[in-house]
*Asks:* 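Attaching a single structure in structure tokens format; questions to follow.
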Amino acid sequence: MAKFWKPGTEKPRLVEDEDGGVLFLYSSSSSSSSSSSTFGFANNLQNQRQRLPVYKRKDAILFLVENYATTIIVGETGSGKTTQIPQYLNEGGWSDDGHVIACTQPRRLAVQSVASRVAEEMGVKLGEEVGYVIRFEDVTTPGVTRVKFLTDGVLLREMMDDPLLSKYSVIMVDEAHERSISTDVVLGLLKKIQRRRPELRLIISSATIEAKSIASFFRPSKKHRGAGDDVVPKREPAIISAEGRGFTVGINYVQEPVADYLQAAVSTVMLIHKQQAAGDILVFLTGQDDIDAAAQLLNEEAQSSDRSTGGLLVLPLYSGLSRADQARILSSSVTLQDLVFSPTPRGKRKVIISTNIAETSLTLEGIVYVVDSGFSKQRFYDPISDIENLVVAPISKASARQRAGRAGRVRPGKCYRLYTEEYFVNEMPAEGIPEMQRSNLVSCVIQLKALGIDNILGFDWPASPSPEAMIRALEILYSLGVLDDDAKLTSPTGFQVAEIPLDPMLSKAMLASGELGCSEEMLTIAAALSVQSIWISIRGAQKQLDEARLRFAAAEVSPSAPLYSPMLRTQGDHVTFLNVYKGFLQSGKSSKWCHKNFVNYHAMKKVLETREQLKRTAQRLGIILKSCDKDMQAVRKAITAGFFANACHIEPYTHEGKFKTVRTSEDVYIHPSSVLFRVNPKWVVYHSLVSTDRRYMRNVVTIDPAWLVEVAPHYYQYQGPGSLNR
DNA sequence: TAACAGTCG
């Protein structure tokens with residue numbers, strides 16, 4: 001590995017942190033390696049790079065990476081760490097001898113935009129020295145690409161082919177403080193890899209609050225410490241900070257707790273609008289309901305006020321918005337890959353009312369005021385019932401800080417917190433519960449199994465999930481025939497299911513479809529289930545959408561078929577997907593056809609893409625590609641082979657469409673977006689449950705209960721008509 | 001009887 005440290009230059013001073021980590025104390029003189037014009041950058045780009053706060057830490061970062069196995073960068077937003085550190089490593093020789101520098105991101109959009117920025121700064125063509133990989137898109141050239149950006153999910157998949165990630169010399173895990181499942185799994189696996197590959201260097205970037213828990217995770221345990229402490233690289237993690245370039249944001253708290261955060265948010269916006277200088281407002285609420293209600297209230301207030309309070313442009317923002325609605329917020333020239341927000345028209349003030357999507361996933365320009373309700377919707381998992389609930393819960397200090405920071409991107413801003421300072425200081429949790437501890441773990445466990453991690457319960461996680469959740473995941477995988485009695489992956493089923501990039505239950509249905517002669521159909525269904533929705537949502541046109549959907553609900557449909565009663569022939573949402581897909585293909589993949597039928601054209605393009613990828617995977621695994629034509633029974637049976645644990649039976653003698661799960665006798669209802677809503681067949685299996693005030697089954701298909709015993713005899717026993725037991 | 005925090009492969 002190339003050395004970068006120039007003898008004779010001043011060494012940074014290092015001190016022991018009180019927790020045993022190494023803290024870097026930077027000297028006041030900034031780094032002065034400004035003689036790199038040999039690379040032929042445009043001068044202004046070079047100047048911009050040098051003005052970034054992280055530039056002052058360049059030598060120190062390189063020193064730490066050279067000498068410490070793990071370096072934790074505490075970087076505020078705007079420090080430039082993501083774009084600059086990979087370049088420093090490249091300049092420092094870490095990509096010599098065919099090695100690659102990796103930088104992971106939690107989101108695809110970030111991967112793409114950061115990679116193209118870095119390619120531009122380095123003056124190279126994207127996909128050559130600098131490249132990126134996300135699902136469906138490998139923009140790298142093996143042997144040429146030296147700096148590679150990728151999602152952490154892709155890095156996990158790469159480990160299945162190359163468990164030691166041997167081509168990488170340095171792996172930078174960015175945004176680790178978000179603690180997503182895949183980031184946490186990556187961190188756990190990288191820690192293991194480090195023991196086998198001492199030459200591998202890790203850089204973990206994190207916001208302030210999470211840095212210590214991540215550092216303590218990477219601190220070697222006593223039994224691994226011992227004698228070799230002086231060898232390079234040192235095993236103790238080093239911590240260094242790079243300040244951000246954001247502007248200061250003044251924080252305002254309410255004096256007394258508010259009873260109704262929605263009403264409080266609306267009045268706060270009006271107050272800002274009346275009293276504060278120009279600048280857009282971003283309001284954080286919890287979900288679509290809240291947001292639409294607040295938007296309506298604001299519009300009413302703005303209209304009823306006198307002229308001086310006019311000029312409010314109220315814009316709801318959540319991921320379920322249609323393209324048409326998004327276009328009101330985004331400028332017309334943007335593509336999905338390039339979410340640049342349009343400037344506010346003169347004399348107008350934008351009020352963007354948003355879910356958490358604006359906390360991390362989208363960056364809005366021009367925000368000067370933030371209103372923070374203190375709540376967000378969060379998923380919580382109950383391993384006993386195996387149900388994920390979506391509930392409104394208080395956010396963490398880390399989130400509150402992130403939300404406030406959204407006000408300081410263009411100039412000093414203000415944040416209005418709809419909770420008291422006393423609450424913030426004394427009661428708000430410092431950090432959120434990692435996603436890993438709030439989720440069903442089947443996908444996660446099967447990936448670890450595929451990587452040869454046998455002892456799941458003893459795995460060294462950054463945040464251990466409850467034993468109950470892990471045991472539940474093992475149990476489900478066992479019932480799918482993916483794990484054997486020794487909790488090892490079965491062959492070939494277990495390895496095949498792990499290989500398919502879908503939830504294990506859906507992968508299992510995919511395998512079953514090969515045997516039942518309907519794999520072509522299952523590919524379509526799996527692809528359709530992997531997009532958020534294949535339907536467009538237009539507020540106020542719900543009825544037309546429902547009608548459009550029912551036109552596709554029959555087992556067979558002709559394009560000219562009139563609207564008919566679906567009561568007798570509808571077999572469920574999965575079959576409906578097949579009809580939409582068929583219609584889409586027959587139209588020549590026409591966007592006009594989509595529009596006419598309330599089908600989301602962009603979603604359908606994604607379905608095509610996902611289907612192609614799954615088809616390649618299926619071929620590789622030797623799944624026989626075959627269409628069952630009109631035999632929907634084969635399709636429904638294949639679905640049952642994966643989702644038998646989600647079987648439900650309608651409650652007789654009630655007229656409210658109440659179902660009971662076979663497994664736990666839980667009350668569940670068919671989601672109003674399902675084509676089986678109000679149809680209420682006797683037996684169904686569902687794809688997922690969304691649990692709000694009631695438990696709603698989303699994407700439901702009718703079944704014959706006899707199939708349950710047929711496809712999962714180890715799970716169900718038939719005990720006479722209408723009686724089925726586990 | 002009426003609904004959808006946000007990601008990823």
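Worth knowing before you read on, the calculation uses all heavy atoms, side chains too, and leaves out hydrogens, waters and symmetry mates. Each chain gets a letter, A, B and so on, in the order the sequences are listed, and its residues count up from 1.
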*Asks:* Would you classify A/Thr151 as touching base, sugar-phosphate or nothing, given that sugar-phosphate means primed atoms plus P, OP1 and OP2, and contacts are heavy atoms under 4.0 Å?
*Replies:*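 Answer is sugar-phosphate: A/Thr151 comes under 4.0 Å of backbone atoms only.
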*Asks:* Once you apply a heavy-atom cut-off of 4.0 Å, does A/Asp546 come out as touching a base, just sugar-phosphate, or nothing?
*Replies:*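 Base contact.
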*Asks:* Hey, which of A/Glu137, A/Gln105, A/Arg108, A/Lys148 is the one that makes side chain to side chain donor-acceptor pair (under 3.5 Å) with A/Tyr132?
*Replies:*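 So the option named by the test is A/Glu137.
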*Asks:* If you find the nucleotide of DNA chain B closest to A/Arg438 and the one closest to A/Gln613, which residue's nucleotide is nearer the 5' end?
*Replies:*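 Of the two residues, A/Arg438 wins.
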*Asks:* For A/Ser533, which contact category applies under a 4.0 Å heavy-atom criterion: base, sugar-phosphate, or nothing?
*Replies:*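 Contact class for A/Ser533: none.
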*Asks:* Reading DNA chain B in the 5' to 3' direction, which nucleotide is the first one with an atom under 4.0 Å from a heavy atom of chain A, and which is the last?
*Replies:*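 Contact boundaries, 5' end first: B/dT1 to B/dG9.
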*Asks:* Below 4.0 angstrom, which residues in residues 385-403 of chain A have at least one non-hydrogen atom near DNA chain B?
*Replies:*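 Within this stretch, A/Leu390 sit under 4.0 Å of the strand.
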*Asks:* List for me each residue that meets side-chain contact (heavy atoms from CB on, under 4.5 Å) alongside A/Val531, sequence neighbours excluded, and say none if there are none.
*Replies:*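 For A/Val531, the residues satisfying side-chain contact (heavy atoms from CB on, under 4.5 Å) (neighbours in sequence not counted) are A/Ile534, A/Ala603, A/Lys606, A/Val607.
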*Asks:* When all nucleic acid strands are considered with a 4.0 Å heavy-atom cut-off, which category describes A/Arg107: base, sugar-phosphate, or nothing?
*Replies:*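 Sugar-phosphate only.
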*Asks:* How would you label the contact of A/Thr355 with the nucleic acid (heavy atoms, under 4.0 Å): base, sugar-phosphate, or nothing?
*Replies:*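 Sugar-phosphate: the residue A/Thr355, judged by heavy atoms under 4.0 Å, touches backbone atoms but no base.
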*Asks:* With a non-hydrogen cut-off below 4.0 angstrom, is A/Arg108 in contact with a base, only sugar-phosphate, or nothing?
*Replies:*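 Since only primed, P, OP1 and OP2 atoms lie under 4.0 Å of A/Arg108, the category is sugar-phosphate.
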*Asks:* So, A/Ser376 side chain and A/Thr286 main chain: donor-acceptor pair closer than 3.5 Å or not?
*Replies:*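 Checked: no pair found.
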*Asks:* So, A/Glu359 versus A/Ser399: side-chain donor-acceptor pair below 3.5 Å or not?
*Replies:*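 Yes, A/Ser399 and A/Glu359 have a side-chain donor paired with an acceptor closer than 3.5 Å.
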*Asks:* With sequence neighbours excluded, what pairs up with A/Ser116 under the side-chain contact (heavy atoms from CB on, under 4.5 Å) test?
*Replies:*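 Checked A/Ser116 against side-chain contact (heavy atoms from CB on, under 4.5 Å); matches are A/Leu126.
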*Asks:* Would you kindly compare A/Gly287 and A/Ser443 by the position of their nearest DNA chain B nucleotide and give the one closer to the 5′ end?
*Replies:*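 First, find each residue's nearest nucleotide; the 5'-ward one identifies A/Gly287.
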*Asks:* Tell me every residue that passes side-chain contact (heavy atoms from CB on, under 4.5 Å) with A/Ser507, counting only those two or more places apart in sequence or in another chain.
*Replies:*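 side-chain contact (heavy atoms from CB on, under 4.5 Å) check on A/Ser507 returns A/Val497, A/Ile500, A/Leu502.
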*Asks:* Ignoring hydrogens and geometry beyond distance, is a side-chain donor-acceptor pair present between A/Gln613 and A/Arg135 at under 3.5 Å?
*Replies:*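 Yes, side-chain donor-acceptor contact under 3.5 Å.
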*Asks:* What's A/Ile134 touching, base or sugar-phosphate or nothing? Going by heavy atoms closer than 4.0 Å.
*Replies:*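 Sugar-phosphate contact only - A/Ile134 comes under 4.0 Å of backbone atoms but never of a base.
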*Asks:* Who pairs with A/Asp260 by side-chain contact (heavy atoms from CB on, under 4.5 Å), at least two apart in sequence or on another chain?
*Replies:*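 A/Asp260 satisfies side-chain contact (heavy atoms from CB on, under 4.5 Å) with A/Leu262, A/Gln263 once adjacent residues are dropped.
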*Asks:* Without hydrogens or angle criteria, can the side chains of A/Ser385 and A/Glu666 be said to hold a donor-acceptor pair below 3.5 Å?
*Replies:*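 No pair is found: no donor N or O on one side chain lies under 3.5 Å from an acceptor on the other.
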*Asks:* Heavy atoms only, 4.0 Å cut-off, all strands: where does A/Glu359 land among base, sugar-phosphate and nothing?
*Replies:*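 A/Glu359: no heavy atom of the nucleic acid under 4.0 Å.
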